[in-house]
Colleague: 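Dropping a structure here in structure tokens format, bear with me for questions.
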Amino acid sequence: MKITAIKVIVCSPGRNFVTAKVETDAGAHGVGDGTLNGRELAVAAYLRDHVVPCLIGRDPRRIEDIWHYLYRGAYWRRGPVTMAAIAAIDVALWDIKAKLAGMPLYQLLGGRSRDRVLVYAHGHGADIDEAVDDALRLRERGYRAIRGQCGIPGLARTYGVPVDGKDYEPADAPLPAEHAWNTGRYLEHVPKLFERLRSGLGPEVALLHDVHHRLTPNEAAQLGRALEPFRLFWMEDPAPAENQAAFRRIREMTTTPIAVGEVFNSIHDCHQLIAEQLIDYVRANIGHSGGITHMRRIAHLAELHHVRTGFHGATDLSPVTMGAALHFDLWVPNFGIQEHMPHSAETDVVFPHAYRFADGYMTPGEAPGHGVDIDESLAAKFPYRRAYLPVNRLEDGTLWHW
Ligand code: EZ4
Ligand code: CO
């Protein structure tokens, strides 16, 4: 059995996506996602110019060998561009293997550990009242877990809060927008939001918050302590995590659970965080961390240390990653929660999929493979549009973490 062709498809149905479609002489094809928000064309070039030529003629069933061929074999290891490209190929190969076996992917991984996958939605508002109303609407739509973000008085734009009534989409401009940040105002305001969310939604709803890397470890410890009365499901990315040992300070100071890792691309980014039990949930995801083959290693390491998965699932991960993630979530023993940020209607038609949402949970469906495909002729109607994430500056102009 041979790989006969690999198409690298860049399209923009509402936002940009990079998709690898791996074709074989066995009839089955597989689809993988290589989208890296704001850096899409770098992954597409890496795939087209350096990966595809090396894979034509190889046996698509040798997933493990191909993973190491692309990782060790390149000599240059890790990094978001490389690991997103490897993920695109890896997920397509798992899709092919599951299709050839006539099984949904979760069966190939080991079968289901649960009946359905708990997901959390994004609740947000320009102020606390709007954010609470939005969370109540999400609760009515069935969500049992809700991330709360709101505008901060004195700051024109705040992470996670849409403007002009549009859906929240951070990559919103052909050149990076500039946002302003003030840590003091943020630390003052966020506990007030969660006091209202907890009293408005009652004790059952899981509440989450994304700090988006903006605090120092000591400030993160302060926020974690201030949020303890509201029993968060997690506080996400409280500080940048390149320095993993710095999380000891946060961990020692607060019992608020911590989730980290949507920017990670390998097990080495979270090895210490996991082995020292400095976090509760790992946010590394299939699309950015080398696919199913590598994410499985991260999940197994996490399981040894009481860390559970909490896959990043924003709209910059394509429906292909969402489908693969839901199969993984249904199987993985140490599952925590899955982020669910629904894609636009245009995205959904370009990527027909078997997964479904009902009553606060998602299921991947029973289609062979991961259950997500790409409609190539429709995709061609949505050409790439340059779109960047914003940058963040302190009020004196210092470039800060976004
Ligand atoms: O900013 O996916 O938890 N979710 C997030 C996302 C990220 C975007 C970056 O591409 O933090 O909104
Ligand atoms: Co996040």
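Remember, it's 1-based here, ligands and their atoms both numbered in the order they're listed. Only this structure's heavy atoms are used, side chains among them; waters, hydrogens and symmetry mates stay out.
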Colleague: Answer yes or no on whether Arg15 is positioned over the face of Phe17, meaning its NZ or CZ is under 6.0 Å from the six-membered ring centre and within 45° of the axis.
Modeller: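 The answer is yes; both the distance and angle limits are met.
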Colleague: Quick one: does NZ or CZ of Arg112 land under 6.0 Å from the six-membered ring centre of Trp331, within 45 degrees of the ring axis?
Modeller: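 The answer is no, since Arg112 fails at least one limit relative to Trp331.
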Colleague: In plain terms, say whether Lys2 and Glu23 are close enough for a salt bridge, that is, a side-chain N and a carboxylate O under 4.0 Å apart.
Modeller: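 No, no charged N to carboxylate O under 4.0 Å.
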Colleague: Tell me, do Arg308 and Val332 make a side-chain contact under 4.5 Å, heavy atoms counted?
Modeller: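 A side-chain contact under 4.5 Å is absent here.
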Colleague: At a cut-off of 2.8 Å, what protein N/O/S atoms sit near the Co ion (ligand 2)?
Modeller: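 Metal shell, protein only: Asp210 OD2, Glu236 OE2, Glu262 OE1.
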Colleague: Between Glu339 and His122, do the side chains contain an N or O donor and an N or O acceptor separated by less than 3.5 Å?
Modeller: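 Judged by distance alone, the side chains do pair up.
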Colleague: I'd like the residue list for ligand 1, meaning every protein residue with a non-hydrogen atom under 4.0 Å from the ligand.
Modeller: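 For ligand 1, the contacting residues are Asn37, Arg147, Tyr159, Asp210, His212, Glu236, Glu262, Arg283, His312, Ala314, Asp316, Glu339, Trp402.
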Colleague: State whether Arg251 and Glu276 are salt-bridged, where the test is any N-O pair (Lys NZ or Arg NE/NH1/NH2 against Asp/Glu carboxylate O) under 4.0 Å.
Modeller: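 Looking at Glu276 together with Arg251, the answer is no, because their closest N to O distance does not fall below 4.0 Å.
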Colleague: For residues 147-166, pull every pair meeting ring-ring contact (aromatic ring centres under 6.0 Å, His included), keeping only residues two or more places apart or in separate chains.
Modeller: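 Listed once each, the pairs are Tyr159-Tyr168, Tyr159-His212, Tyr159-Trp402.
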Colleague: Is the gap between the ring centers of Phe233 and Tyr120 under 6.0 Å?
Modeller: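 Between Phe233 and Tyr120, the centre distance exceeds or equals 6.0 Å.
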Colleague: Using the ring-ring contact (aromatic ring centres under 6.0 Å, His included) rule, collect all pairs that involve residues 79-111, keeping only residues at least two apart or in two chains.
Modeller: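 Only Tyr106-His327 qualify under ring-ring contact (aromatic ring centres under 6.0 Å, His included).
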